[in-house]
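What you are looking at is a predicted structure, and each value in this text was computed from that prediction instead of being measured. Protein chains get the first letters and strands the later ones, always in sequence-line order, with residue 1 at the start of each.
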There are 2 protein chains.
Amino acid sequence: MGASFTTVGWHQGRVRLIDQRQLPDKVVYLDCADYRDVAEAIRNLSVRGAPAIGITAAMGLALGAQSLAGRDPSRFQEDLTRIADELAATRPTAVNLFWALDRMKRVASSHRHLGVDVLIRQLVDESQAILDEDIAMNRAMGAIGATFIESGDTVLTHCNAGALATGGYGTALGVIRAAWEDGKKIRVIADETRPVLQGARLTAWELMQDAIPVTLITDNMAGALMRAGKIQRCIVGADRIAANGDVANKIGTYSVAVLAHHHAIPFYVAAPTSTLDLSIPSGAHIPIEARNPREVTHIRDVAHVAPEGVAVDNPAFDVTPADLITAIITEKGAFRPRDIHRLGGDPASLTAYRLA
Amino acid sequence: MGASFTTVGWHQGRVRLIDQRQLPDKVVYLDCADYRDVAEAIRNLSVRGAPAIGITAAMGLALGAQSLAGRDPSRFQEDLTRIADELAATRPTAVNLFWALDRMKRVASSHRHLGVDVLIRQLVDESQAILDEDIAMNRAMGAIGATFIESGDTVLTHCNAGALATGGYGTALGVIRAAWEDGKKIRVIADETRPVLQGARLTAWELMQDAIPVTLITDNMAGALMRAGKIQRCIVGADRIAANGDVANKIGTYSVAVLAHHHAIPFYVAAPTSTLDLSIPSGAHIPIEARNPREVTHIRDVAHVAPEGVAVDNPAFDVTPADLITAIITEKGAFRPRDIHRLGGDPASLTAYRLA
């Protein structure tokens, strides 16, 4: 069972995206023919979710490469780097964005001898490979993560780490999807996830598409439900994971982790290894995007909910320290956060550190 | 310094309320000539906040008494009880509602020999006394609570426990107001308080009216700000306090208390003794109102934020256990939650248990 919609993909030579700003009211697809449209779609949250941003940026760079057909090879490489920089500047926190663009740039530079036309085809293929691998990784992660979920569990998730945040299966919701496919009777509690309401608009919608039972709550209800014994596990995605296992994810994730810790409820992070940033020792080094105050003072840019001129804080992400995380579930296995740096080393040695 | 608006009061023989549903966009007053209009205003949240609900219900009962002019005395008492029951059925959690109506009924029954006309005047006077005492209690509470706040502090508050929630000064915001009047340089962080957004719409507005510095955040940002060392104290109001010091207050209060505990940040509750319900041993006995799912799926009844037909939980309140509360600040002093039941005993013995 995959999702019944397309988050991002090639469609008749264009990059097709479901416009997540319009969900759940309307299912509208955006077809981007220009890399600038792709950059704008990332910036304005038409597409969001760390893995989906990476895939989309890779496809955007392939579109950019197409626009450079006919350039001489060295000019091609230069202009491609400029376009990659432009795409990289759209959002600061999700490391998959930089990971995907670096991977695309490596293809271009390592095959520079092949000629521009061949390179362009290779870049389009590479972006498709990133998408295909993402879905395969999500399914692997789902199978691993599902072992942590028992029939009868109610699982809380924050934001949207689903098919809409990835190539089409999901990280946190991929684990939930896999448990559901295994026949486990589970229920999902979706935090609405202010200010942009990814939980209410996207997670609830996505789970309802697949008839997985979901109940929507406001972010501030999670603690009371935990105290009432109504939540057995929490699972979220990640935008960046530092070498020590600290996890940056959507604002509010940290509060959920503290609440879960207080109630002795397991708290899992599901993320592909492309989310790892072993170059930084801890979460303190992860840049946190501050977004427009209007996201807080308005809701869906329509309803005005605060006095004119009020001061606002609007960090888009927070960092959950490793010691509040029960396990990080990747496509290579589930690990204790303190062991996550081993994923950068010898794959053969990983077995000893795998939890499942 | 009191607030620059009227939350509730008598105005030309009618009960005047600021329509809190329309804040902060419009300042509109409702003038109620019939007790049924008062009941509806409580039910639909035109007026909210435990102390304000109590005052409003008392004035509503006085209006009801006026409508009974000319009745024979025993019929008057019967009909008054029926009207009180109707007002009591508007909302289940705030105990001040029942406290105020009981106080009014006692006036009516203990002076039943005086004749209906005199009784009606006494009930109007009693409702005004409840308002006047509320303001005096809030000021006393403010003076006591302000001693817990230091210049330089940033104080987080949840929901609105301000002038808008009371007779005109505030419980939690009364403490903040008093610290500000003392010349302490403080800042306030206001949680927006989904689903009804009392923090964004009311607390931010109320503090801006009085030029007290306030920054608005979504509920799920509080943890990240605490971790960053940006919050020194938390203070909230209460809808009902059990004999063991457990506190029912707006949904999300419990999460703030757990987060404060995790970060060793003092967490205060400010509430008049009319909020105490010593008849119940613990918070487990406090009825929690479940409100319309539409409050969650829509925002301000305008912006639709969730898929059609999604399941929703919408408890309006939660219970914070006594052990997460640093002190309960009342007009009679500040107390450790475990000592709060002593307020039902000999006032002379209280001194030993006072914190400030």
[X] and [Y]: which non-hydrogen atoms are nearest, and at how many Å?
X        : Y        : value
B:Ala200 : A:Pro307 : O-CD, 3.1 Å
B:Glu192 : A:Val296 : OE1-O, 4.2 Å
A:Val319 : B:Arg227 : O-NH1, 3.3 Å
B:Ala306 : A:Pro24  : C-CG, 3.6 Å
A:Ser255 : B:Leu259 : OG-CD1, 3.6 Å
A:Ala224 : B:Tyr254 : N-CD2, 3.7 Å

Worksheet item: How many angstroms lie between atom CG of B:Asn314 and atom OG1 of A:Thr218, to the nearest 0.5 angstrom?
Response: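 Answer rounded to 0.5 Å: 7.0 Å.
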Whether over 12 other heavy atoms sit under 6.0 Å from [X] [atom1]:
X        : atom1 : result
B:His262 : NE2   : yes
B:Lys184 : NZ    : yes
B:Arg187 : CZ    : no
B:His304 : NE2   : yes

Worksheet item: Can you tell which of B:Thr215, B:Ile189, B:Leu23 has the highest number of heavy-atom pairs within less than 4.5 Å of chain A?
Response: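 The option with the most such pairs is B:Thr215.
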Worksheet, complete the sentence: For residues 281-294 of chain A against chain B, heavy atoms under 4.5 Å, the residues are none
Contact winner vs chain B - [options], heavy-atom pairs under 4.5 Å:
options                      : answer
A:Met221, A:Glu295, A:Arg201 : A:Met221
A:Asp318, A:Asp219, A:Val305 : A:Val305
A:Ile217, A:Ile251, A:Thr253 : A:Ile251
A:Val214, A:Ile299, A:Asn220 : A:Asn220

Discussion item. Given heavy-atom pairs under 4.5 angstrom as the criterion, report whether the side chain, backbone, both or neither of B:Leu207 touches chain A.
Written reply: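 Neither part; nothing is under 4.5 Å.
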Fill in: Interchain contact, B:Asp191 with chain A, by part (heavy-atom threshold 4.5 Å)
neither
Practice prompt. Could you check if a side-chain atom of A:Arg194 sits within less than 4.5 angstrom of a side-chain atom of B:Arg194, using non-hydrogen atoms only?
Written response: yes
